[in-house]
Amino acid sequence: MNEQESNKNLSLLDRFNHWTETSIMVRIFTVGIIILLLLIPVSMVENLIWERQQRQKEASSEISGKWGYAQTISGLVLTVPYKVYKTVYNKEREEYERLEEKKYAYFLPDDLAIDGVVSPEMRYRGIFQVIVYNAVLSVKGKFLQPDFRLLKIDEKDVLWEDASINLGVSDLRGLQEEVTLKWNKNSYAMNPGTTAERVLERGINTPVLLSKEGEQYTFDISLNFNGSSRLLFTPLGKVSNVHIASSWKDPSYTGAFLPDHREITEDGFTADWKVLHLNRPYPQQFTGRVEGIDESTFGVNLIRPNDEYQKSMRTAKYAVMFIALTFLVFFFSQTLNKVRIHPIQYIMVGLALCTFYVLLIALSEHIPFYLSYTAASTAIIVMITLYAHTIFKGTRITLMLGGIMTALYGFIYIIIQQEDYALLIGSIGLFTILGGTMYLSRKIDWHNLESKK
């Protein structure tokens, strides 16, 4: 009796094993579970890419700290102090006293013209590249005679002799030469610091000579400074004209205003902005603090479009599709050709696909991305194709798998090279792949497939 029960249990176990080996639903469920498990190494790959990006940013910050950070040029601002009086009660003397206090009025230029050349350079910290630049700017324009009546300030309280000019420079360490202001027929050496703290956080200044007579004041300043990645300007003029030329071929215009005219050639780019005081939310003369100055900046980023980490991250986004389509080929081959594939073999193939991204990141840090992509994809395609040959034991199926993988890697490379049409091309590609799969599997009788085995 015990022997009969043992034979019966063995028979049930054999039938269960046979069912798990031949059941289509069990195969689909197993493959699905493996794909979900492979999301763990895919996530680890994305974390690795993020970590390398952070190290690149640290290298960029280290170089920028010594060369010069992203620069913002603001100015000029004419600062004129004036006296105000207030009456306070002195408790000790039990009487009212009239106290004098100094405040500042700020006047912006009637005309501001900036013309400059930006010369980019590549600096290295280990294997990481950082974009820096040297800029030479000519800043010209004019101020009208300050009109304190518009500010409701009595001119007899104005301290004309204490007037000063301020130019905003966000990182003074980047200045390479002494800065001299030509103010009408006079010349003044600029000093660090600003007397317009409510308008400019950092900058340089110099006292200037003003008269009480109505006239205009012309100015001319030459700047030579270093910066990193970005150059911005603040349109403080009633009419602000900015012209920038550079040998950099991949500019990204940023800020509150886009260029009115821009051109990109093999020799670099040129850009021209014209901003009116009507385009900004602050007036030409004011006292105290005003809002909107920082928000009105505009300029250019010297970027590296689709650098290796951006491309690697975009490639990793398609990892699930890679794994699913490769497993789909193995699944159809197993089902239609009665080839037995163990879950461990699916896992080995999945891990090989994940290894591609690690190879891609490591190689792209040392050689151009297209070469690293070609080398990594070729290595993985050859490895999986040879491994599949030992499973399928057929040249036709093996070559078909290799061809499909080659097409997939080529398709993904085309997508990541595109910036504007990546989503469109990717959607059309996925639609085509799904349609082709449906077409090729249209005659499969899934209900009777297991009974034929």
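Of all non-hydrogen atoms in A352 and I380, the two that sit nearest each other are O-CD1, 3.4 Å. Across P343 and I34, no two heavy atoms sit closer than the pair O-CD1, 3.6 Å. Nearest approach of A316 to V42, heavy atoms of both residues: O-CG1, 4.4 Å. Summarising the geometry of S247 relative to P120, their closest heavy-atom pair is OG-CD, 3.3 Å, with the distance given to 0.1 Å. Across all non-hydrogen atoms, the minimal contact from A388 to L401 is CB-CD2, 3.3 Å. Of all heavy-atom pairs spanning R289 and R198, the tightest one is NH1-O, 3.5 Å.
The closest donor-acceptor contact from the side chain of Q71 to the backbone of D171 lies under 3.5 Å. Here the side chain of K140 pairs no donor or acceptor atom with the backbone of D220 at under 3.5 angstrom. In this structure a side-chain-to-backbone donor-acceptor pair under 3.5 Å is present from Y373 to Y409. Remark: side-chain polar atoms of S74 are not paired, donor with acceptor, to backbone N or O of G168 under 3.5 angstrom. No donor-acceptor distance shorter than 3.5 angstrom exists from the side chain of S43 to the backbone of L39, with no hydrogens or angles considered. Between the T234 side chain and the L236 main chain, no donor and acceptor come within less than 3.5 Å of each other. Remark: the backbone N or O of Y387 is paired with a side-chain donor or acceptor of T390 at under 3.5 angstrom. Distance alone, capped at 3.5 Å, is enough to place a donor-acceptor pair between the T297 side chain and the D294 backbone. Between the side chain of T270 and the backbone N or O of A245, no donor-acceptor pair lies under 3.5 Å. Remark: the backbone N or O of G227 is paired with a side-chain donor or acceptor of W67 at under 3.5 angstrom.
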Going through the checks in order, is the side-chain contact (heavy atoms from CB on, under 4.5 Å) test met by Y253 and W273? CA-CA 11 Å; Y253 303 110; W273 291 263; 3.9 Å; yes

Carefully, step by step, assess V118 and W248 under the rule side-chain contact (heavy atoms from CB on, under 4.5 Å). CA-CA 8 Å; V118 179; W248 191 254; over 6 Å; no

List the steps, then state whether side-chain contact (heavy atoms from CB on, under 4.5 Å) holds for N279 with L276. CA-CA 5 Å; N279 305 136; L276 306 177; 3.4 Å; yes

As a quick check of understanding, evaluate side chain to side chain donor-acceptor pair (under 3.5 Å) for N241 and D272, giving each step before the final call. CA-CA 7 Å; N241 290 282; D272 295 273; over 6 Å; no

Could you walk me through whether I221 and T180 pass side-chain contact (heavy atoms from CB on, under 4.5 Å), step by step? CA-CA 6 Å; I221 295 178; T180 301; over 6 Å; no

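Shown here is E201, whose CD atom has no more than 12 heavy atoms of other residues, nucleotides or ligands within 6.0 Å.
How far CZ of F219 is from OH of Y188: 14.5 Å, rounded to the nearest 0.5 Å. Atom CE of M190 and atom CG of L175 lie 10.0 Å apart (nearest 0.5 Å). Here the CD1 atom belonging to I347 is positioned 11.0 Å from the CD1 atom belonging to I33, to the nearest 0.5 angstrom. Atom CE of M383 and atom CG of L353 lie 8.0 Å apart (nearest 0.5 Å). Here the NZ-CD1 distance, from K317 to I412, works out to 13.5 Å after rounding to the nearest 0.5 Å. Distance check: D250 CG to I131 CD1 gives 8.5 Å after rounding to the nearest 0.5 Å.
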Using distance only, find each side-chain donor-acceptor pair of residues 109-117 under 3.5 Å and give its atom names and separation, not counting sequence neighbours.
none

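A heavy-atom distance below 4.5 Å is not found between the side chains of K103 and T287. The shortest distance between side-chain heavy atoms of I391 and F330 falls below 4.5 Å. Here the side chains of R173 and Y69 are in contact, with some heavy-atom distance below 4.5 Å. Proximity of N301 to S229: side-chain heavy atoms (C-beta onward) are nowhere separated by under 4.5 Å. Contact annotation: the side chain of L167 never approaches that of I165 to less than 4.5 Å [non-hydrogen atoms, C-beta and beyond]. Here the side chains of N166 and V199 are not in contact, with every heavy-atom distance at 4.5 Å or above. Using a 4.5 Å heavy-atom threshold, the side chains of Y413 and T374 count as separate. Counting heavy atoms from C-beta outward, V77 and L108 have side chains that approach closer than 4.5 Å.
Note on ring orientation: taking the six-membered ring where Trp is involved, the planes of Y346 and F327 are perpendicular (angle over 60°, cut-offs 30° and 60°). Note on ring orientation: taking the six-membered ring where Trp is involved, the planes of F298 and F257 are perpendicular (angle over 60°, cut-offs 30° and 60°).
In summary, the side chains of T195 and N205 do not present any donor paired with an acceptor at a separation below 3.5 Å, with no hydrogens or angles considered. With hydrogens and angles left out, the side-chain atoms of S364 and S372 include no donor and acceptor closer than 3.5 Å.
A search for side chain to side chain donor-acceptor pair (under 3.5 Å) contacts involving R280 returns Q284, not counting sequence neighbours. Residues meeting the ring pair (Phe, Tyr, Trp, His ring centres under 6.0 Å) test with Y133, sequence neighbours left out: none.
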